[in-house]
A.B. asks: 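Starting off with a structure, shown below.
Just follow the structure's listing: the first ligand is 1, and inside any ligand the first atom is 1. Remember, predicted model here, so these are calculated numbers, not experimental data.
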Amino acid sequence: MDKITLSSPLKDAIGGRTAAKLADKLELATVGDLLRYYPRKYDQRGKLTDLASLIVGERATVWAKVIKVTERDLGRGGGRNGRGGGVKHITNVLIGDSHRELTCTFFNQYHWSKLLKPGTDAMFSGKVTKFRDTLQISSPSVAIVSDGRQAEGDGAASLDVIEQFPGGVIPVYPLVEGITQTLVQHSVRAVLDVIEQIPDPVPDVLLARHGYVDLQTALGDIHRPRTEQYLEAARERLRYDEALSVQLVLARRRADARNFPAEPCPRIPGGLLDAFDANLPFALTTGQQEVGDTISTDLATIHPMNRLLQGEVGSGKTVVALRAMLQVIDSGRQAVMLAPTEVLASQHARSLRDVLGPLGRGGELGASQEATAITLLTGSLPAKARKQALLNIASGQAGIVVGTHALLSEGVFFSNLGLIVVDEQHRFGVEQRHALRSKHPEGNPPHVLVMTATPIPRTVAMTVFGDLDTSTLTELPRGRSPIGTTVVPAAERPAWVERAWQRIREEVAKGHQAYVVCPKIGDDDPSAMFEDGSTFDPDTDDGSQAGKRPPLAVNQVAAMLHDGPLQDLRLGILHGRLPPGEKDDVMTAFAAGELDVLVATTVIEVGVDVPNATMMVIMDAERFGMSQLHQLRGRVGRGHAPGICLLISEAPEGSVGKVRLDAVAATTDGFKLAEADLLLRREGNVLGTTQAGRSTALKQLSLLRDREVIERARADSIGLVGDDPEMKQWPGLADMVSLVIAAENQVYLDKG
Ligand code: ADP
Ligand code: MG
């Protein structure tokens, strides 16, 4: 037989039948796959299960001491109790601890009384039932643990000594139907027994620098830990492997990108950018200046820029992006800005036209020589206008193209695309970013700038956007006012809700404007709860929604306000199902101050910028995610007057919903909120699927807790990859990457 290595097929090490099972049920094909299939947790021998925690009706594995064994022979009269086949013999095994007891019952199995002497430690596994006030498990499977040996019998099967776990720490694997603990434990044991010395893919110098154990030790101890300390050392090492694998994928991608040529677009004096800067009504913040310089340099190089621009809501990312676009246009190329909603796309197009003035009217009568043209392309454009827009884009006449997903559709071609700006990335899949990049099939790939206002915890950014260079705008433009957020408990204090409407009237009296945000559009379409078509997020649903009234809808709330508390104010309605032209009209009217109050859905969540709006009232606030609330309230306080945000909610004091709202009210630090939100949503799916089996990319690594490891791995990966995306020097590492990160997730990262 061949030597057994990590890449050997499992059947060579553990036999064809078991291997087929593991392949079929857990997608484990090689020895390496199995050894990277880590225990979900560990049971400590001697630590008995807390019997008080058992739940009737559920399957449980109980680790307990045998107290007493009684046997009963029913003789020939057996089977009276309706058990077909005739019960002739019953063994009752009383197990327990000092607090609780439980009876395990075996039928017609004579050997248990000999094996389960009082004082024996054993694991009993089966469905917990209740019989005359005592808990019991009928016909459990049993694993005896004694003298450091664990033995197992299943039903009538004979006792079979299976395992000896050093240190008494017993691995418990994630299972699926048809796979037992013993099967996995056996297989791992068998594999560890026959495998050759495992070569370590991570260079010694790195292991030594970080004090990590070698791979052989780590894999041994993760499955069969000698002690808790060895287990912890193994975990640390394997956590690093995962972090390093992710970072290697990303580093390779960056190295790849660096090797692509790009059209350099250096800053050209006397062009549109200079004209724009000269007309800016405000001074750039230091951050905007610095990030702008960085981007300007990126654009001037002969490799494509791939940059993520993060910045709090209202930190002024748009200006930064615009300036980048203008620099590219000055080099005779096109720039495109992709926005997540039509409202936002039209707003961008409008404000671009405003700030560029005559410089943005290229092609129109009397426009100046260097002027460019701005073209808007959204899905709702009438056919004729769409055709014209496509023509402008393909001919290169449109220097700046602003649009939504529609830009990704068939039939959109650029003449000379130099820069892609993606605004508000969180609404945009990586897929789309990729699709847009490929809109430029011939010639060199364009530069890419991705902007996000949803603050992404640093480690997540490094992982999900790790192929991008990152810049952050930390300061808000001067004169920006703080937003005060207050939770209004509508159930306990209905009078406060009245006060909220009163407060809107006061703001309007001062010449300001307000938003009222509702979770739903109308009553007629229960599925359209949120603008993105999702209903309630089950991950954050704490059950407090159960049996509650349906969420408040824009149409009803607007009618109620119109007939009641705000009857003398000018109200507008905005949501995703309005005809596009109307959407635009409403937004324009609101921006122009022709409306006092905008009753809206989350369409206004991203990017909408009306500095005169000072107040926001969010209805049924507990129905929104924390980051979403933060985004929403970022729409106010954009001018000189302080912003007010009222979170109206019936979530009772002490409920998870209320706790979340209090957290939003307590801080304006988007990063903190994003971390909290991520924790609540479970971080597992950041990389994709979270099923049992191989596809779970990160088993040991936590993006939130393991920041240091991730940063270390990132630095190491840069050194390892260097300028060699193929990693020819480190074939073992390349193998590790494909073992640790399932192929589909690599693709995901790749497309990032
Ligand atoms: P976000 O980063 O959330 O996208 P925007 O780009 O929409 O923020 O900017 C918010 C508002 O701040 C806009 O009205 C913009 O004109 C204004 N703004 C941007 N930069 C500055 C600055 N340096 N000084 C004053 N106002 C600014
Ligand atoms: Mg923005």
Side-chain angles (χ1 to χ4, degrees), residues 276-293 295 307-326 337-357 402-404 421-428 449-456 470-483 512-513 515 587-588 590-593 602-614 616 627-643 645 668-671 673-674:
F276 176 81
D277 280 352
N279 286 333
L280 254 187
F282 46 72
L284 295 175
T285 64
T286 317
Q288 284 171 323
Q289 194 68 62
E290 282 169 6
V291 173
D293 289 347
I295 292 174
R307 187 166 288 280
L308 173 70
L309 174 55
Q310 292 197 84
E312 268 287 6
V313 180
S315 58
K317 294 182 293 295
T318 317
V319 164
V320 174
L322 275 182
R323 297 183 65 245
M325 292 168 87
L326 293 175
M337 183 183 268
L338 209 49
T341 64
E342 294 207 351
V343 169
L344 193 52
S346 342
Q347 176 183 290
H348 278 325
R350 204 164 34 235
S351 60
L352 274 166
R353 288 196 182 110
D354 284 354
V355 284
L356 288 178
V402 185
T404 55
V421 176
V422 182
D423 194 16
E424 311 294 357
Q425 163 78 22
H426 66 295
R427 287 294 190 85
F428 243 95
L449 178 66
V450 173
M451 304 196 287
T452 178
T454 302
I456 303 168
T470 308
S471 300
T472 307
L473 288 178
T474 45
E475 66 189 315
L476 299 183
R478 235 195 305 277
R480 192 51 57 73
S481 310
I483 303 167
H512 298 149
Q513 291 161 284
Y515 300 98
M587 211 48 230
T588 314
F590 188 69
T602 51
V603 274
I604 59 153
E605 176 190 350
V606 282
V608 166
D609 184 34
V610 178
N612 193 45
T614 50
M616 176 174 287
S627 290
Q628 207 174 15
L629 292 171
H630 183 65
Q631 286 290 312
L632 280 167
R633 71 177 163 185
R635 302 304 116 214
V636 296
R638 305 197 130 224
H640 293 286
C645 177
T668 49
D669 183 336
F671 282 89
L673 285 175

A.B. asks: Quick check on Ser315 - does any of its heavy atoms sit under 4.0 Å from an atom of ligand 1?
C.D. replies: yes

A.B. asks: If you count the atoms of ligand 1 from 1 in the order shown, which ones are under 4.0 Å from a heavy atom of Asp609?
C.D. replies: 11 (C), 13 (C), 14 (O)

A.B. asks: Report the distance from atom SG of Cys645 to atom CZ of Arg635, rounding to the nearest 0.5 Å.
C.D. replies: 11.5 Å

A.B. asks: Would you mind listing which atoms of ligand 1 come within a distance below 4.0 Å of any non-hydrogen atom of Gln288?
C.D. replies: 19 (C), 20 (N), 21 (C), 22 (C), 23 (N)

A.B. asks: Find the distance between CG (Leu284) and CG (Asp277) and round it off to the nearest 0.5 Å.
C.D. replies: 6.5 Å

A.B. asks: In ligand 1, which numbered atoms sit nearer than 4.0 Å to a non-hydrogen atom of Thr285?
C.D. replies: 23 (N)

A.B. asks: Counting distance only, does the side-chain N/O of Lys317 pair as donor-acceptor with the main-chain N or O of Met451 below 3.5 Å?
C.D. replies: no

A.B. asks: Quick one: does Gln310's side chain have a donor or acceptor within less than 3.5 Å of a partner on Thr470's backbone?
C.D. replies: no

A.B. asks: Which atoms of ligand 1 are found less than 4.0 Å from any heavy atom of Thr318?
C.D. replies: 4 (O), 5 (P), 6 (O), 7 (O)

A.B. asks: Show the atoms of ligand 1 that are less than 4.0 angstrom away from any heavy atom in Ala283.
C.D. replies: 22 (C), 23 (N), 24 (N)

A.B. asks: Using the side chain to side chain contact (heavy atoms under 4.5 Å, CB included) rule, take Ile604 and Leu632 through it: C-alpha gap first, then chi angles, then the decisive distance, then the call.
C.D. replies: CA-CA 7 Å; Ile604 59 153; Leu632 280 167; 4.2 Å; yes

A.B. asks: As an exercise, identify every atom of ligand 1 less than 4.0 angstrom from a heavy atom of Leu284.
C.D. replies: 23 (N)

A.B. asks: Closer than 3.5 angstrom, by distance alone: can the side chain of Gln288 be matched with the main-chain N or O of Gly316 as a donor-acceptor pair?
C.D. replies: yes

